[in-house]
Amino acid sequence: MAQQAYMTETDNGGSGPELPASRLRRLWHRVSRGWRGDRRIWRRGLFLAACAGLLALVMLAHAQIPNAIGNLGSLVETFLPWLGLIIPVLLVLALVRKSATALIATVLPAAVWLNLFGGLLTDKNATGGDLTVATHNVNADNPDPSRTARDVAASGADVLALEELKASQVPVYESALAPTYKYHSVVGTVGLWSKHPLSDVRAVDIRLGWKRAMRATVTAPAGRVAVYVAHLPSVRVKLEAGFTARQRDKSADALGEAIAGERLPNVVLLGDLNGTMNDRALNAVTSQMRSTQGAAGSGFGFSWPASFPMARIDQILVKGAEPEASWTLPPTASDHLPIAARVKITPQTD
């Protein structure tokens, strides 16, 4: 009896097992029969078609959305990839409404989304690289800083940047990382640990009034690298004020100026920028640097919040150096995920 549940009549009156392809074909014929001869399929769903067109326009012209009111443009750009989730909803609604117009219109936002983010769906990781770097916002309220330090050290990074270091917890991180990293320096709430010598360590003024950015020269076997560590101010989404990011934007401009004045050809920026690569407010930085995730990663590499990552606000950006691989590390006790990358250092002429 159980076998009969999977039998279907064949054209010659016999029976045999029904293949999945056959079931799909029968379902398609059933749906298409309901559409045949329906002269309204082109007149129905005009509202859905308009929504699809609007969605495509928002994604295509996101840079033109003004920031004058609540930094709306930056807010849209922060979560821009997630707009793609609306596309299958429109597709299903178009099928339910039996609207050929809406169905065809849905192709437009799908094409725009794939043009923007399709390249991130492939694995671009390579095996080369001279230097492995990592960065992690450890969270000032981290309940287990010692374990967090050991977890990120286990990544094998040659250079490790930490942000949101609480003064009382700095000795804990120093003790836990000492067996792996011979050299380190802490400036304000950011720190840099390295297996290679550090020199020319100094704070970077990002116009905050306190120290949340630093710069150091790492003398690696393949050459010297200017490494910047930064934690830009946080942003908030408020009903009465929108996306409040003015201080973050000013600090991004200051950081961009500092990097633009860097004299070493190989530059790496590690840190929590509280913004994505799509956010125009970070143009002072992103216009002159490449994202290792975008150039050599796999997937979107979302890093925050750790419990359900929705945006990559933690960044590894390079100038001069060539990205070879980029990835997200396993979660720690922080509310951010750590991220890492391998880069190839460009030979220096001097």
Side-chain angles (χ1 to χ4, degrees), residues 74 131 133-140 142 152 157 159-167 169-170 173-174 177 181 183-194 198-218 224-236 244-264 266-277 279 281-292 303-304 312-321 334-336 338-341 343:
S74 288
L131 192 70
V133 297
T135 181
H136 189 27
N137 180 325
V138 295
N139 187 359
N142 192 310
V152 290
V159 176
L160 171 65
L162 300 182
E163 303 86 48
E164 208 167 296
L165 291 169
K166 196 173 184 178
Q169 293 183 344
V170 168
Y173 286 104
E174 290 175 328
L177 293 172
Y181 299 99
Y183 309 94
H184 87 279
S185 181
V186 175
V187 175
T189 61
V190 297
L192 189 65
W193 277 258
S194 174
L198 298 177
S199 61
D200 197 14
V201 179
R202 61 177 183 269
V204 175
D205 182 10
I206 55 173
R207 301 170 191 164
L208 274 177
W210 67 96
K211 297 174 181 177
R212 282 176 49 149
M214 64 180 289
R215 180 250 183 239
T217 298
V218 175
R224 292 186 301 161
V225 182
V227 177
Y228 286 76
V229 183
H231 182 195
L232 298 187
S234 299
V235 297
R236 297 288 185 270
T244 57
R246 182 172 300 177
Q247 186 59 65
R248 189 276 312 267
D249 299 349
K250 291 180 178 179
S251 292
D253 290 343
L255 179 61
E257 291 173 12
I259 293 172
E262 177 57 52
R263 303 182 68 177
L264 289 180
N266 291 285
V267 184
V268 176
L269 170 61
L270 307 168
D272 175 5
L273 303 189
N274 271 306
T276 68
M277 292 297 292
D279 191 338
L282 301 184
N283 278 352
V285 175
T286 57
S287 63
Q288 57 180 317
M289 307 190 81
R290 300 173 66 193
S291 164
T292 59
S303 63
W304 178 87
R312 186 179 178 88
I313 62 174
D314 302 276
Q315 305 289 352
I316 299 177
L317 308 181
V318 297
K319 182 167 71 171
S334 172
D335 57 340
H336 290 243
I339 60 175
V343 300

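Note that the structure is a prediction, hence the values are computed from the model and not measured.
There is no side-chain donor-acceptor pair under 3.5 Å between Glu163 and Thr189. With no hydrogens or angles considered, no side-chain donor-acceptor pair links Ser334 and Asn142 at under 3.5 Å.
Residues Val190 and Val229 approach most closely at CB-CG1, 3.9 Å, considering heavy atoms. Pairing each heavy atom of Val285 with each of Ala252, the nearest pair is CG2-O, 3.5 Å. In terms of heavy-atom proximity, Arg207 sits nearest to Asp205 at N-OD1, 2.9 Å. Closest approach of Asp253 and Ala284 over heavy atoms only: OD1-CB, 3.6 Å. The heavy-atom pair separating Asp200 from Thr217 by the smallest distance is CB-OG1, 3.9 Å. Taking both residues in full, the closest heavy atoms of Leu317 and Ser291 are given as CD2-CA, 3.6 Å, listed atom of the first, atom of the second, then distance.
Glu164 places no side-chain N or O within donor-acceptor distance of the main-chain N or O of His136, the cut-off being under 3.5 Å.
Rounding to the nearest 0.5 Å gives a distance of 4.5 Å between NZ of Lys319 and CD of Gln288. To the nearest 0.5 Å, atom NE2 of residue His184 and atom CD of residue Glu174 are 3.5 Å apart. Distance check, rounded to the nearest 0.5 Å: CG of Leu162 to CH2 of Trp193 gives 5.0 Å. Atom CZ of Arg248 and atom OG of Ser234 lie 10.0 Å apart (nearest 0.5 Å). Rounded to the nearest 0.5 Å, atoms OG1 (Thr135) and CG (Leu192) are 9.5 Å apart.
For the pair Val201/Met214, a side-chain contact is recorded, criterion being any heavy-atom separation below 4.5 Å from C-beta on. Using a 4.5 Å heavy-atom cutoff, the side chains of Val225 and Leu264 are not in contact. Proximity of Ile316 to Leu269: side-chain heavy atoms (C-beta onward) are nowhere separated by under 4.5 Å. Using a 4.5 Å heavy-atom cutoff, the side chains of Asn137 and His231 are in contact. A 4.5 Å side-chain heavy-atom check between Leu270 and Tyr228 finds every atom pair outside the cut-off. Counting heavy atoms from C-beta outward, Ser251 and Leu208 have side chains that approach closer than 4.5 Å. You'll find the side chain of Met277 reaches within 4.5 Å of the side chain of Gln315, heavy atoms only. Put simply, the side chain of Asn266 does not reach to within 4.5 Å of the side chain of Arg224, judged on heavy atoms.
Partners of Lys250 under the side-chain contact (heavy atoms from CB on, under 4.5 Å) rule, at least two apart in sequence or in another chain, are Arg246, Gln247.
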